[in-house]
Amino acid sequence: MESKISIFLRTSNLCNLLVLVFFCFAACPSLGRLSFNFYATSCPAAELMVSNTVRAASSNDPTIPGKLLRLLFHDCFVEGCDASVLLQGNGTERSDPANTSLGGFSVIDSAKRVLEIFCPGTVSCADIIALAARDAVAIAGGPSFQIPTGRKDGRISNSANVRPNIVDTSFTMDEMIQLFNSKGLSLDDLVTLSGAHTIGLAHCSAFSDRFQQDSKGKLRLVDTSLDITYAKELSKKCPAGGSSTSNTVSNDPETSFAFDNQYYGNLLAHKGLFQSDSVLLEDGRTRKQVEEFANNEERFFRSWGESFLKLTTIEVKTDNEGEIRQSCSFTN
């Protein structure tokens, strides 16, 4: 049966929208602390300013959408969606080695500067991250939908909280399920949100342990779930064992910068870049959903809207729980 949130995401009738917003809040209690069009009075053009900033940056650099989407994940999974990943300084989340390859910070800062000119002290950095990631998906060809706003920025950012709260590319299915469940996300959300890998780049070190080359250059698969031809292509892009910290490859070798359902087709062809991708096909609990998304992009997009909504409301801070930073890099 189609969920109430899914129906809400595809409806355009105003009367139905008002009714279904109620159901949306009932299905995701955390949304009750936020609201749609939160800035309608205080900063009516807020979402447009963010969207224009993301669009301009993406037109100059097609890797921006993938970076913004990854930035959102790394923010929301650690301390909730509170922009704690943006804070600079020794011992912050941003300083942790797991986050050194994150990008998109300049886009968030650019949007914040514009907003501070027109609506000073009004729009949180946490909302900017969520809106920017939402817009990045749409700009890359994915679905477009509304999300609630009203998040406050957190004041705490601790590097020690990063590793226990983000997915490692070598995770097993059980490890991923456990982590997602701890964030209030279901198995369906896990499969759906993994679709974020339809865009973005990865460093060789994130997958190079899946294959080995001997002294004669002959390739041997360590992870036999990986297509050998694809592994050979990866080994060419990642010389010397693929341990380079600077070399990157596209998460999706087919449609690298398009947000589509190709990721799931790649999984069926055993071309998932990470071990944590491949297990979605190998595990009986998730294989059917992978096959469904691979064959039905509309179904994936609808599910993406639901899961993205849940992702962006993880442990949000509102009212006196946080602040509106003047600069996204530092607390007030």
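At a threshold of 4.5 Å between side-chain heavy atoms, the hydrophobic network of Ile, Leu, Val, Met, Phe, Trp and Tyr places Phe330 and Val107 in two separate groups. By the criterion of side-chain heavy atoms lying less than 4.5 angstrom apart, applied directly or through intervening Ile, Leu, Val, Met, Phe, Trp or Tyr residues, Leu87 is not grouped with Leu71; the two fall into different hydrophobic clusters. Hydrophobic clustering (side-chain heavy atoms under 4.5 Å, transitive across Ile, Leu, Val, Met, Phe, Trp, Tyr) groups Val54 together with Phe118. No single ILVMFWY cluster, assembled from side-chain heavy atoms under 4.5 Å apart, contains both Phe257 and Leu68. Ile166 and Leu201 are members of different hydrophobic clusters when ILVMFWY side chains are connected at heavy-atom separations under 4.5 Å.
Side-chain atoms of Ser159 do not come within 3.5 Å of backbone N or O of Asp96 as any donor-acceptor pair. The closest donor-acceptor contact from the side chain of Arg70 to the backbone of Gly103 lies at 3.5 Å or more, if one exists at all. At distances below 3.5 Å, not a single donor-acceptor pair connects side-chain atoms of Arg285 with backbone N or O atoms of Met173. A donor-acceptor pair under 3.5 Å is formed between the side chain of Glu321 and the backbone N or O of Thr318. Formation of a donor-acceptor pair under 3.5 Å by the Thr122 side chain with backbone atoms of Cys43 is not found in this model. The closest donor-acceptor contact from the side chain of Lys112 to the backbone of Val123 lies under 3.5 Å. A donor-acceptor pair under 3.5 Å is formed between the side chain of Ser235 and the backbone N or O of Lys232. At distances below 3.5 Å, at least one donor-acceptor pair connects side-chain atoms of Thr312 with backbone N or O atoms of Leu309. Between the side chain of Arg94 and the backbone N or O of Leu86, at least one donor-acceptor pair lies under 3.5 Å. Looking at Asp127, its side chain does come within 3.5 Å of a backbone N or O of Gly150 through a donor-acceptor pair.
Of all the heavy atoms in Arg151 and Ile324, the pair that sits closest is O-CD1, 4.5 Å. The nearest pair of heavy atoms linking Ser124 to Tyr39 is N-OH, 3.4 Å. Across every non-hydrogen atom of Ala202 and Leu273, the tightest pair is CB-CD2, 3.6 Å. Between Ser303 and Thr192, the shortest heavy-atom distance links the atoms OG-OG1, 2.8 Å. When all heavy atoms are compared, the tightest approach of Leu268 to Ala294 is CD1-CB, 3.6 Å. Of all heavy-atom pairs between Phe259 and Phe301, the closest is O-CZ, 3.5 Å.
Between the OG1 atom in Thr286 and the CE atom in Met176 there is a gap of 7.5 Å [rounded to 0.5 Å]. Expressed to the nearest 0.5 Å, how far CG of Asp223 lies from OG of Ser278 amounts to 5.5 Å. We find the CZ-CD1 distance between Phe171 and Ile177 to be 12.5 Å, quoted to the nearest 0.5 Å. A distance of 9.5 Å separates CG in Leu190 from OG in Ser307, rounded to the nearest 0.5 Å. Rounded to the nearest 0.5 angstrom, Thr92 OG1 and Asn158 CG are separated by 9.0 Å. Atom CZ in Arg33 sits 10.0 Å away from atom CD in Glu315 (nearest 0.5 Å).
Under the 30°/60° scheme for interplanar angles, the aromatic rings of Phe274 and Phe207 are found to be tilted. Note on ring orientation: taking the six-membered ring where Trp is involved, the planes of Phe300 and Phe293 are tilted (angle from 30° to 60°).
Within 6.0 Å of atom CD in Glu254, more than 12 heavy atoms from other residues, nucleotides or ligands are found, so the atom counts as buried in its surroundings. Residue-environment remark: CD1 (Ile156) stays at or below the threshold of 12 foreign heavy atoms within 6.0 Å. Under a cut-off of 6.0 angstrom, the local environment of CG in Asn332 is crowded, with over 12 non-hydrogen atoms contributed by other residues, nucleotides or ligands. Shown here is Gln88, whose CD atom has more than 12 heavy atoms of other residues, nucleotides or ligands within 6.0 Å. Counted within 6.0 Å of CZ on Arg55, heavy atoms from surrounding residues, nucleotides or ligands total 12 or fewer; the atom is thus considered open.
At least one side-chain heavy atom of Tyr263 sits less than 4.5 Å from a side-chain heavy atom of Ser194. Side chains of Glu282 and His270 form a contact here, defined as non-hydrogen atoms less than 4.5 Å apart. Counting heavy atoms from C-beta on, the side chains of Ile129 and Cys81 never come closer than 4.5 Å. Proximity of Leu72 to Phe308: side-chain heavy atoms (C-beta onward) are separated by under 4.5 Å at one or more points. By the 4.5 Å heavy-atom criterion applied to side chains, Ser208 and His203 are not counted as neighbours. The side-chain heavy atoms of Val222 and Arg210, taken from C-beta on, include no pair separated by under 4.5 Å. The shortest side-chain heavy-atom distance between Pro143 and Val137 falls under the 4.5 Å cut-off.
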Begin with the C-alpha distance, continue with both residues' side-chain angles, and end with the deciding distance and a verdict on side chain to side chain donor-acceptor pair (under 3.5 Å) for Asp252 and Ser250. CA-CA 5 Å; Asp252 176 357; Ser250 297; over 6 Å; no
Given the rule in the side chain to side chain contact (heavy atoms under 4.5 Å, CB included) test, do Asn37 and Gln146 qualify, once you have shown the distances and angles that lead to the verdict? CA-CA 9 Å; Asn37 298 315; Gln146 292 297 310; 4.2 Å; yes
Go through Arg302 and Glu306 one step at a time and tell me if the salt bridge (Lys or Arg N to Asp or Glu O under 4.0 Å) criterion holds. CA-CA 7 Å; Arg302 205 159 58 238; Glu306 293 184 39; 5.9 Å; no
Verify side chain to side chain donor-acceptor pair (under 3.5 Å) between Ser186 and Asp188, making sure each step is shown before the conclusion. CA-CA 5 Å; Ser186 67; Asp188 285 350; 5.0 Å; no
With salt bridge (Lys or Arg N to Asp or Glu O under 4.0 Å) as the test, would you mind laying out the steps for Glu233 and Lys271 before giving the verdict? CA-CA 11 Å; Glu233 294 173 1; Lys271 293 182 179 180; 5.5 Å; no
Before giving the answer on side chain to side chain contact (heavy atoms under 4.5 Å, CB included), spell out for Phe77 and Lys183 the whole-Å C-alpha distance, their side-chain angles and the decisive distance to 0.1 Å. CA-CA 7 Å; Phe77 266 60; Lys183 308 301 177 185; 4.0 Å; yes
Using the side chain to side chain donor-acceptor pair (under 3.5 Å) rule, take Asp174 and Thr172 through it: C-alpha gap first, then chi angles, then the decisive distance, then the call. CA-CA 5 Å; Asp174 287 339; Thr172 64; 5.4 Å; no
Step by step, would you call Leu193 with Trp304 a side chain to side chain contact (heavy atoms under 4.5 Å, CB included)? CA-CA 7 Å; Leu193 293 173; Trp304 174 266; 3.9 Å; yes
Kindly determine whether Asn296 and Asn261 satisfy side chain to side chain contact (heavy atoms under 4.5 Å, CB included), including the steps that lead there. CA-CA 8 Å; Asn296 190 332; Asn261 67 334; over 6 Å; no
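The salt bridge (Lys or Arg N to Asp or Glu O under 4.0 Å) test with Lys317 is passed by exactly one of Asp153, Asp75, Asp82: Asp82. When each of Asp277, Asn251, Asn266 is paired with His197, the side-chain hydrogen bond (donor to acceptor under 3.5 Å, both in side chains) condition holds for Asp277 and for no other.
For Glu292 and Lys288, the salt-bridge test fails: no basic side-chain N is under 4.0 Å from an acidic carboxylate O.
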